[in-house]
Each structure stands twice: as C-alpha cells, then as structure tokens.
Colleague: 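This is the structure I have questions about; it appears just below.
Worth saying up front: this structure is predicted, and the values here are computed from it rather than measured. In the text below, chain A, chain B and the rest are named by the order of the sequence lines, each starting its count at 1. Only this structure's heavy atoms are used, side chains among them; waters, hydrogens and symmetry mates stay out.
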2 protein chains.
Amino acid sequence: MVSRTVYRMQTQTQNAFRALADPTRRDIVQMLAAQDMTIAQLTDQFEMTRAAVKKHLTVLSDGGLITVEARGRERINRLEPKGMAPVLDWLSYFDQFWDDRLNNLKEAIERNKK
Amino acid sequence: MVSRTVYRMQTQTQNAFRALADPTRRDIVQMLAAQDMTIAQLTDQFEMTRAAVKKHLTVLSDGGLITVEARGRERINRLEPKGMAPVLDWLSYFDQFWDDRLNNLKEAIERNKK
DNA sequence: TCAATGAGATACCAAATGGTATCACGAACG
DNA sequence: CGTTCGTGATACCATTTGGTATCTCATTGA
C-alpha cells in the first residue's frame with residue numbers, strides 16, 4: 001500500500017457513472033429520451049412509489065444527466081445530453097482497447113458542440 | 001404504479017455499469033490498460049488492503065471487464081475489451097438523441113447571437 | 001373558498017457495498 | 001524438507017443505497 005493520502009472529491013465523472021449504475025435510472029434515461037416527463041408519469045411506468053422515483057431523479061440530476069423545469073405545480077424532467085460528456089470522455093481514454101463504436105459516438109457529439 | 005411484476009435479472013449490461021460505478025475500479029481499469037498486473041502490484045497503488053482490491057477485481061470480473069490468468073502462484077489480471085461492449089451498446093442507443101439535442105442547442109445559441 | 005392534485009422532505013428500514021482482520025493453501029526457493 | 005510468498009476465503013463492521021410511509025406545501029379548479 002502506498003502511503004500518500006488519496007482524497008477523492010465527488011467529480012462530475014463519478015456522479016455520472018454512479019447515476020448510470022442503477023437499472024431503474026437507466027430505464028428513466030431511456031424514457032426521457034423518448035419524451036420529457038413529470039414524476040407522476042414516470043412513476044406510472046414502475047412498480048415503486050413516487051418518493052423512490054424522486055430519489056432516482058435526484059441522483060440523475062446530481063450526475064448532470066437531467067434538468068428539471070417547473071411549470072405550474074408540475075416539474076418537467078428532461079434529459080441533458082451534455083451530462084453524458086464525462087462518461088464518454090472517460091471511455092474514450094481506452095480507444096486502443098475497445099473498438100471504434102465509441103469513437104463514432106463521441107465524434108458526433110464533438111461535431112455538434114462546435 | 002403499474003401492476004405487472006418487473007423482475008430484473010443480472011444482465012451483463014448491469015454488471016458492467018455497476019463495475020464502472022466505483023472510482024477505485026475505474027482506476028484499476030486504467031492501470032490495467034497500461035499493463036497487466038497482479039493483485040500485489042495493484043495493491044501497491046492504493047491505500048487499501050489486498051482483500052479490498054480483490055473484491056474490486058471480483059466485481060470487475062463479474063462485469064466481464066477483466067480476465068485472470070494463473071501463472072504459477074501469481075494471478076495475472078488483464079483488461080477484457082469485449083466486456084465494454086454492453087456499455088457502449090447502451091450508450092450508442094442515444095446516439096441520435098444526443099445528436100439532435102445538441103444540434104437544437106447549437107441552433108438556439110446561433111439564433112440568440114443575431 | 002376550499003378540496004383535489006402534483007410534488008418535496010423527512011424518518012425509518014433492510015439489503016448491498018466497501019472496507020478490515022484473519023486464517024488457509026499451494027507454489028517457490030533456500 | 002521447511003519457510004516464505006502470493007493469493008483466496010471468510011467473518012465481521014460501518015456506511016450507503018434503494019425502498020416505503022407519511023407529512024407538508026403550493027398550484028389548480030369547481
């Protein structure tokens with residue numbers, strides 16, 4: 001074991017990977033890719049309470065993967081494409097290891113950023 | 001809440017995303033990308049016991065991200081590029097979505113400039 | 001005005017997670 | 001041989017995680 005102190009703050013990369021680690025949250029991301037949804041609408045699609053879905057949405061928000069817009073008493077949850085960037089960046093570090101599927105994906109996003 | 005039972009087996013996608021959710025495990029992946037390593041070598045790089053590193057390696061192995069080859073009394077841990085496929089596949093599902101959204105974003109910015 | 005509706009906050013719980021300490025075991029080497 | 005070295009396995013612990021129940025608050029609409 002090395003003796004230097006390895007402190008590790010919560011980076012956006014960590015929060016994004018953590019957000020994607022749960023199958024329910026990945027399902028939510030897929031649903032929000034189809035259309036923006038309120039918590040109530042999302043809850044209809046799962047076998048869990050609104051409170052549980054809300055927790056998942058908080059984690060997704062911490063990860064930068066979604067944004068929320070208040071509209072009256074409703075909250076519109078929306079996918080935030082930019083939030084995926086840290087994940088894609090980390091994965092692209094291994095270009096020489098896995099195939100170029102990722103490269104294509106990342107290049108598409110880079111193109112559109114400009 | 002929908003009433004149908006949503007059982008969810010441990011898929012390779014889930015195991016891979018779960019493996020990548022921990023910062024120590026992502027560090028291990030990066031180190032193994034540089035060179036194959038034994039547990040002892042990896043443990044030298046972290047402030048934790050060999051047992052803890054071993055647990056992380058087990059999770060990485062479950063996720064299909066590494067393979068282990070016995071050589072004498074040593075175990076060589078090696079990165080398995082194929083294991084990343086489910087992750088890349090899942091992410092590429094949103095290729096078109098990100099493309100479109102980032103395009104819209106770009107266009108909105110361009111409009112506001114004028 | 002006031003009841004219904006959509007959502008946030010909090011307390012609480014069981015299980016999973018990330019870590020340690022410790023023991024066991026086969027391979028390497030004097 | 002016997003001992004040391006690299007590793008695996010297990011028991012145990014504290015914290016995090018994913019979930020429920022419940023209460024509150026603000027908006028909506030008859």
Side-chain angles (χ1 to χ4, degrees), chain A residues 1-3 5-11 14-29 32 35-63 65-78, chain B residues 1-3 5-11 14-29 32 35-63 65-78:
Chain A
M1 269 190 283
V2 83
S3 64
T5 302
V6 180
Y7 71 92
R8 204 179 257 124
M9 59 176 181
Q10 288 300 66
T11 65
Q14 171 56 21
N15 286 336
F17 269 108
R18 170 170 127 71
L20 292 176
D22 183 273
T24 298
R25 287 195 291 268
R26 288 198 306 279
D27 285 348
I28 289 176
V29 167
L32 292 183
Q35 59 172 337
D36 300 342
M37 295 173 87
T38 64
I39 283 201
Q41 289 174 312
L42 283 167
T43 303
D44 285 342
Q45 305 300 314
F46 295 98
E47 273 203 323
M48 64 184 71
T49 62
R50 183 172 53 75
V53 173
K54 166 63 178 171
K55 282 194 181 184
H56 284 306
L57 289 175
T58 299
V59 175
L60 286 168
S61 177
D62 289 347
L65 299 182
I66 66 169
T67 55
V68 187
E69 178 200 346
R71 199 160 65 195
R73 64 182 162 189
E74 293 187 335
R75 300 287 187 284
I76 311 298
N77 296 277
R78 174 170 295 128
Chain B
M1 268 190 284
V2 83
S3 64
T5 301
V6 180
Y7 70 94
R8 204 180 257 122
M9 57 177 181
Q10 288 299 69
T11 64
Q14 170 56 22
N15 286 338
F17 269 108
R18 169 169 126 73
L20 292 177
D22 183 273
T24 297
R25 287 194 291 268
R26 289 198 305 279
D27 285 349
I28 291 176
V29 167
L32 293 182
Q35 58 172 337
D36 301 342
M37 295 174 86
T38 65
I39 283 201
Q41 289 175 311
L42 283 166
T43 303
D44 284 342
Q45 306 299 315
F46 295 98
E47 273 203 323
M48 65 183 70
T49 63
R50 183 174 53 75
V53 173
K54 166 62 177 171
K55 281 194 181 183
H56 285 305
L57 289 175
T58 299
V59 175
L60 285 168
S61 177
D62 289 347
L65 298 182
I66 66 170
T67 56
V68 187
E69 178 201 345
R71 199 160 63 195
R73 64 183 163 186
E74 292 188 337
R75 300 289 186 283
I76 311 298
N77 297 277
R78 172 169 296 127

Colleague: Return the nearest nucleotide to the side chain of A:Thr49; candidates are C:dA21, C:dG8, D:dT20.
Modeller: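 The closest nucleotide is D:dT20.
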
Colleague: Using atom CG of B:Leu57 as one end and atom C1' of D:dG6 as the other, report the distance to the nearest whole Å.
Modeller: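 For the pair B:Leu57 CG and D:dG6 C1', the rounded distance is 14 Å.
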
Colleague: Both B:Asn77 and B:Lys55 contact DNA chain D. Taking the nearest nucleotide for each, which residue is further toward the 5' end?
Modeller: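 Its nearest nucleotide being more 5', the pick is B:Asn77.
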
Colleague: Is B:Arg50 side chain donor-acceptor paired with the D:dG8 base, going by distance under 3.5 Å alone?
Modeller: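 Such a pair is found, so the answer is yes.
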
Colleague: Taking the side chain of B:Ala51 as its heavy atoms from C-beta onward, which of C:dT20, C:dG8, C:dA11 lies nearest to it?
Modeller: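 Of C:dT20, C:dG8, C:dA11, C:dT20 is nearest to the side chain of B:Ala51.
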
Colleague: 5'-most contact on DNA chain C: A:Gln41 or B:Val59, nearest heavy atom basis?
Modeller: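 Nearest nucleotide further toward 5': that of A:Gln41.
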
Colleague: Would you mind reporting whether B:Leu20 and B:Arg25 have side-chain heavy atoms less than 4.5 Å apart?
Modeller: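 No, their side chains stay 4.5 Å or more apart.
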
Colleague: With a 4.0 Å limit, can you tell me whether B:His56 has a side-chain N or O closer than that to the phosphate oxygens OP1/OP2 of C:dT17?
Modeller: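 Negative; the distance criterion is not met.
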
Colleague: Rounding to an integer number of Å, can you tell me how far A:Glu74 CD sits from C:dA4 C1'?
Modeller: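 Interatomic distance, CD of A:Glu74 to C1' of C:dA4: 14 Å.
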
Colleague: Over how many whole Å does the gap from B:Ile76 atom CD1 to D:dT7 atom P extend?
Modeller: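 The answer, rounded to whole Å, is 8 Å.
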
Colleague: Side chain of A:Ala52 only, please: which of D:dG8, D:dT20, C:dA21 is the nearest?
Modeller: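 The listed nucleotide nearest to A:Ala52's side chain is D:dT20.
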
Colleague: Of all the choices, D:dG8, C:dG8, D:dA21, which nucleotide is nearest to the side chain of A:Arg75 once you look at every atom?
Modeller: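 Nearest to the side-chain atoms of A:Arg75, counting from C-beta on, is C:dG8.
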
Colleague: Please work out if A:Arg71 contacts a base, only the sugar-phosphate, or nothing of the nucleic acid, heavy-atom cut-off 4.0 Å.
Modeller: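 The answer is nothing, as A:Arg71 stays clear of every strand by at least 4.0 Å.
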
Colleague: In whole Å, I'd like the distance from the CG atom of A:Asp44 to the C1' atom of C:dA7.
Modeller: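 Interatomic distance, CG of A:Asp44 to C1' of C:dA7: 14 Å.
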
Colleague: Are B:Glu69 and B:Arg75 close enough for a salt bridge, meaning some N to O gap below 4.0 Å?
Modeller: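 Looking at B:Arg75 together with B:Glu69, the answer is no, because their closest N to O distance does not fall below 4.0 Å.
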
Colleague: From the options D:dT17, C:dG8, D:dT20, select the nucleotide whose nearest atom is closest to the side chain of A:Arg18.
Modeller: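 My answer, after comparing the listed nucleotides, is D:dT17.
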
Colleague: Within the modelled atom types, does a donor on one side and an acceptor on the other bring the side chain of A:Arg73 and the base of C:dT5 under 3.5 Å apart?
Modeller: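 By the distance-only test, yes, there is a pair.
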
